[in-house]
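The chains referred to below are lettered A, B, ... by the order of the sequence lines, with proteins before strands, and numbering in each begins at 1.
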Amino acid sequence: MKYDFKQVEPKWQKKWEEAEAFRAVDNSPKPKYYTLVEFPYPSGAGMHVGHIKAYSGLEVVSRKRRMQGYNVLFPIGFDAYGLPTENYAIKTGMHPRAVTDRNIEKFTSQLKRVGFSFDWSRVVDTTEEDYYRWTQWIFLKMFEKGLVFRDTALVNYCPSCKVVLSNEDSQGGKCDICHSDIVQKSKAVWYLRITEYADKLLQGLDEVDYLPNVKQQQINWIGKSTGAFVNFSLKEIDEKLRIYTTRPDTLFGVTFMVIAPEHPIIEANRDRIANIDALDAYKEECAKKTEFERTQLVKDKTGVRIEGLTAVNPVSGKEIPIYISDYVMMGYGTGAIMAVPAHDERDWAFAKKFGIDIVEVIKGGDIAAGAYTGDGEMVNSGFLNGLTNKKDSIARMIEHLTEQGIGEMGVQYKMKDWAFNRQRYWGEPIPIVHCPACGIVPVPYNELPLKLPNVKNFEPGEGGESPLAKIDSFVNCKCPKCGGDAKRETDTMPQWAGSSWYFLRYIDPHNNEAFADREKLNYWLPVDWYNGGMEHVTRHMIYSRFWHKFLYDLGEVPVSEPYAKRTAQGLILGPDGEKMSKSKGNVVDPNDVVDVFGADVLRTYVLFMGDYGSAAPWNESSMKGCKRFLERIADLTDLVSGSGVTPKLESAIHKTVKKVSLDIEEMKFNTAIASMMALLNEIYDVGSITKEELMTLVRLICPFAPHLAEELWENLGGEGLCSLAAWPEWDEAKTVDSTVEVAVQINGKLRATIQLPFNAPKEEAIAAAKADAKIAPLVEGKTVIKEISIPNKIINIVVK
RNA sequence: GCGGGUAUGGCGGAAUUGGCAGACGCGAUGGAUUUAGGAUCCAUUGGGAAUCCGUGCAGGUUCAAGUCCUGUUACCCGUACCA
């Protein structure tokens, strides 16, 4: 059959749309299946082939599920708030709304050209009022429950984008958007108390089926550690200096303390500190250092001793000095540490530089040469002396601290609270009012959505305030509580807000009464299978699990974990093996591929190019192989003859059905396609195929190349749409051949292969092997030491 | 530094989990067809002076190792003074 994709592909896309073939039905009697892919950020550049790979995996799974009789929800939408759009708007003078609409249109047409089986009736756009109304609603619920707070703190600030960034958005000290160096700035910002959910986020991982490395990254990100808080007395004042340590057992080895330069105890005791000027100077110096400089100077410790404050070691009673140094962070623990130079590398380096005593408390190392961080017997440690087990000595010390009332067991997390605002225009307005009389007042629920005003100028302010601050009609309002004059919060939410709950809105995207109907949530949740990029494992995934768990605690959703299963696709690299990027000019546009090769070839190729989870370079000539493959399938119509079965092909077809069915479940799409290619080669060898057999193959290829499949299905007289036909079943008994080829080894070296009946008994198999013309002379006259027979696979005869 | 991963032909990658290494595809070579190119079809394609050697390197376990164990090297990803 001559196959013209340019005519066939639009034809079937239209038919699917007319038939509403991929509509998910709420509360259907069929079993449900919810497949989710990460919705795209609609950038001006349009999609690239990486998007196609990201969606093709679950596209195949979704199509297979439908054919298996499931009621499938496979939605798509757009995560459209964000800086690139706003920056583009500033540059061109276009309104972000117009830019977004244009980009969404472009993405939509690209997605439709590829023939993805999304339910287009459920598209969500995070920037629409109907959507962000509920983003604001969830925010207010969090506010109500005390999970939103405002604090003046050192924040990550990008001087180029002029925004405050979350910890997650400034990994490595670089702005996630423009890659400039981040500076630390003191600012009043909004936080979501995600740390309150740290333990739940950690424990929830036990209930879900995520890839092991996905789980591991989340565990590391949460970064739970257990240890103890200890309150050190100060000699000069009646105040305690509280520290956190994971090694309370080394307390006898503490010879000094270090606090962060920003630690409040300094401000509180300015009068008492003799060298306050030196401390101020040091603090200022640290603030100027970029994250990059800080990490570069890791080995070289700096600091200043506080003159006028002295601590007392609570177990040895010795007086010890206190220093400030930037190797202690205000953001972790209590911003103060007890230093044990004998057994901590950083403390050791600091002690050496400042000439502080180093006291060994764990035997086993040479503390003159460096810190000893291994295990060993406790020494110089009073009641701990002689203990050799770390766990025991830690437990014993915590017991002591608790009895004496100077400390207690404690838990810390690396994860920090989520800095939840941006000083930018293109985001969800934060629904809060600042009232001179009442303070911080939430916008009442019935006033949602708090609309983003339509303005002409989106330039951020120089002082780091939002463009909204310049819109008087937005800023000035009445206090919802007292009715007096008040001002609105002018910051907007960060990009990650809208994507934190989008999978819930897909379930009921047009609901005006609630973010989603409870019955529908009960039916569809959880997401059965979520696929996306590894880059979102620590941010988007943690955030959205947090929001979902919050809604669960509120009783708004029926399950505590949103995603039952999570997988990740690998990148598509440019033809040069480098990561695709506009600047390198190695980006492949899916439209160009569809123009030349067609959508089916593109879909098949992105899944065939290699292991789905690994990165693989784009190779156009390799894609030709997929083109040939699909054309050769179309040509099979010329080989159709007779009915019943082609005996030679029967088991090959059953094997392929099994292989393809199982491989799809494991995302081994490359081998699934390879097995269909192998079957195709076999069919051409045989030279004929029955209509029924071909229709089986057509249904197998349908999730990968649905346009071709539909055309062939129609041509062969198939009923209805191939996309909704039943997925082929295999008969296990027919996947085995009556005779099998068995390898025969002598002393582990391959010497012959013989044909044996399937499951031939061991004795029979070995006798047949020995009788083989190539084997007989090698065994004759030798002593047989051992005979191994692995049924249907291999025989090994050991001779001497 | 720490955590995770990878290493197989000229290339992308397979290998039912310890059982014939190199499936499938690309590329290449030869042939057919074609005025020519392209496309298509057929054959060959890990190396080799040939019962041998081959899965980053060095050992080990086993009848049998790409797969398991010990050591080692290189690269990739994440994270980073986390007390």
Using the [atom1] atom on both, measure [N] against [M] and round to a whole Å.
N	M	atom1	answer
B/rG37	B/rA23	C1'	34 Å
B/rG5	B/rU51	C1'	40 Å
B/rG18	B/rA64	C1'	8 Å

Please state how far atom [atom1] in [X] lies from atom [atom2] in [N], giving the value in whole angstrom units.
X	N	atom1	atom2	answer
A/E345	B/rA80	CD	C1'	14 Å
A/L639	B/rC41	CG	P	12 Å
A/L573	B/rC75	CG	C1'	14 Å
A/D611	B/rC11	CG	C1'	17 Å
A/N796	B/rU62	CG	P	15 Å
A/D344	B/rC82	CG	P	7 Å

Flag the pair A/F669 / A/V606 as yes when at least one side-chain heavy-atom distance between them is below 4.5 Å, and no otherwise. no
With side chains defined as the heavy atoms from C-beta onward, is the minimum distance between A/M415 and A/I194 less than 4.5 Å? yes
Under-4.0 Å side-chain N/O to phosphate OP1/OP2 contact, [X] with [N]:
X	N	answer
A/Y332	B/rA83	yes
A/N681	B/rG25	yes
A/R751	B/rU51	no

Glycosidic torsion of B/rU55 (syn if within 90° of 0, anti otherwise) classifies it as anti
Measure distances between side-chain N and O atoms of A/E741 and base N and O atoms of B/rC20, and say whether any donor-acceptor pair falls under 3.5 Å. yes
Would the base of B/rC20 count as contacting A/K793 through its side chain, where contact means a donor and an acceptor less than 3.5 Å apart? no
Whether A/K668 engages the ring of A/Y612 as a cation-pi pair (distance to the six-membered ring centre under 6.0 angstrom, angle to the ring normal within 45°) should be assessed. no
What is the base-pairing partner of B/rA14, counting Watson-Crick and G-U wobble geometry with both distances under 3.5 Å? none
When you match A/N213 and A/R632 each to their closest nucleotide on RNA chain B, which lands nearer the 5' end? A/N213
Indicate, with yes or no, if the rings of A/F256 and A/F350 have centres closer together than 6.0 Å. yes
